[in-house]
Student: 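Dropping the structure in here first, questions after.
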Amino acid sequence: MTQSFEAAIADFTPGLPLAIGLSGGADSTALLLACARRWPGQIHAFHVHHGLQAAADDFARQCESLCAALAVPLTIRHVDARPAQGESPEAAARHARYEAFHDMALAGRMQPAIKSIALAHHADDQVETLLLALSRGSGVAGLAAMPACWQRGGITWHRPLLRVAGSEVRAWLSAQGVSWVEDPSNQDERYTRNRIRQQLLPVLQRVFPRFRDTFARSSRHAAQASELLRDLAQADLQIVGIPPALAALQRLSPARQANVLRHWLQLHHGTTPSSAQLQALLSQIGACTTRGHHIDIKVGRGFVRRNGPSLDWYNQRLP
């Protein structure tokens, strides 16, 4: 069920000191203000300067002004968020932002050290993430959307507003009389997420008024299914070995082959196969019945190749 902003903050119990990812926009401003009031002297703000648009300096100045007014320490990190070839601008900026947050938390400027980082994603952001995943044909891991809490590198990350509607966050902040800045890129409909926000969400609100609750329930079901698939993949990886043995893979069903291969590639090689690549690999595994059968397929950022009785992955094509 969706919550009020006040209820979400009341339910939030992070380890302290806590850092807030602050963009200068309404959502992160509201989260910082509420947390600074609840835990005075225990809050730090992290701002990432992407340098991707002319307004970036305005965002930083807004964060400086807000944090000065709240007596909250602020760290600003400049990053190079230009996308690599084939990478979307949104993905590149997101990756750079999360890496910067993590680095700032470990920098040791606040004593005692930062224990938690909170991000201001809300229920509308969660719906947008789910719809993006559906538009891309994602599996259950993608449909699980954004987790409310996770661990990474000794830091606990939180999204305490995932059950709060975006309009509720802004209404609360407006009632406090606190200003924020609007990101002009949020109006750019070249980005799919903005088209979802501006065109789809109003229709969903009219047709399915409780869509935030029902979509969130579907994402929770997908998250549970994804966890079960991960557990099965870990067990199957113990059976097929590292690198995976062809004979052991062939004794599994195609669905379990796909699951364990995806897990192996992600866990041990940091790469993700496309559906077409994985299907081509499964076809080759099924056809591999002789010693001379050759397998050399582009998968993720490299190649899966037969190496005697097993498969292996290389980040460049071998002779």
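The analysis underlying the following values was restricted to heavy atoms, covering all of them including side chains, and did not include hydrogens, waters or symmetry mates.
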Student: Show your reasoning for whether salt bridge (Lys or Arg N to Asp or Glu O under 4.0 Å) applies to Arg170 and Glu182.
Tutor: CA-CA 12 Å; Arg170 287 178 175 244; Glu182 294 286 354; 2.7 Å; yes
Student: Check this for me: does any side-chain nitrogen of one of Arg37 and Glu6 sit under 4.0 Å from a carboxylate oxygen of the other?
Tutor: no
Student: Whether the Gln205 and Arg210 side chains hold a donor-acceptor pair (N or O, under 3.5 Å, no angle test) is what I'd like checked.
Tutor: no
Student: Would you say Ile155 and Phe101 make side-chain contact, with heavy atoms under 4.5 Å?
Tutor: no
Student: Measure the spacing between CD of Glu128 and NE2 of His121 and express it to the nearest 0.5 Å.
Tutor: 9.5 Å
Student: Determine, using ring centers only, whether Phe59 and His49 are less than 6.0 Å apart.
Tutor: no
Student: Under 3.5 Å, is there a donor-acceptor pair linking the side chains of Arg195 and Thr192?
Tutor: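 Yes, side-chain donor-acceptor contact under 3.5 Å.
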Student: For Cys63 and Gly24, which heavy atoms make the closest approach, and how far apart are they?
Tutor: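 In this case the closest contact between Cys63 and Gly24 is SG-N, 3.6 Å.
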Student: If only side-chain N and O atoms count, and only distance matters, is there a donor-acceptor pair under 3.5 Å linking Gln3 with Glu168?
Tutor: no
Student: Check the pair Asn194, Gln187 against side-chain hydrogen bond (donor to acceptor under 3.5 Å, both in side chains), reporting the backbone distance first and the verdict last.
Tutor: CA-CA 7 Å; Asn194 290 343; Gln187 303 303 314; over 6 Å; no
Student: Compute whether any side-chain donor of one residue and acceptor of the other, for Gln284 and His293, lie under 3.5 angstrom apart.
Tutor: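 Distance-only check passes for Gln284 and His293.
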Student: One pair to check against salt bridge (Lys or Arg N to Asp or Glu O under 4.0 Å): Asp236 and Arg256. What are the steps and the verdict?
Tutor: CA-CA 8 Å; Asp236 282 345; Arg256 286 176 67 175; 2.6 Å; yes
Student: Determine, using ring centers only, whether His269 and Trp264 are less than 6.0 Å apart.
Tutor: yes
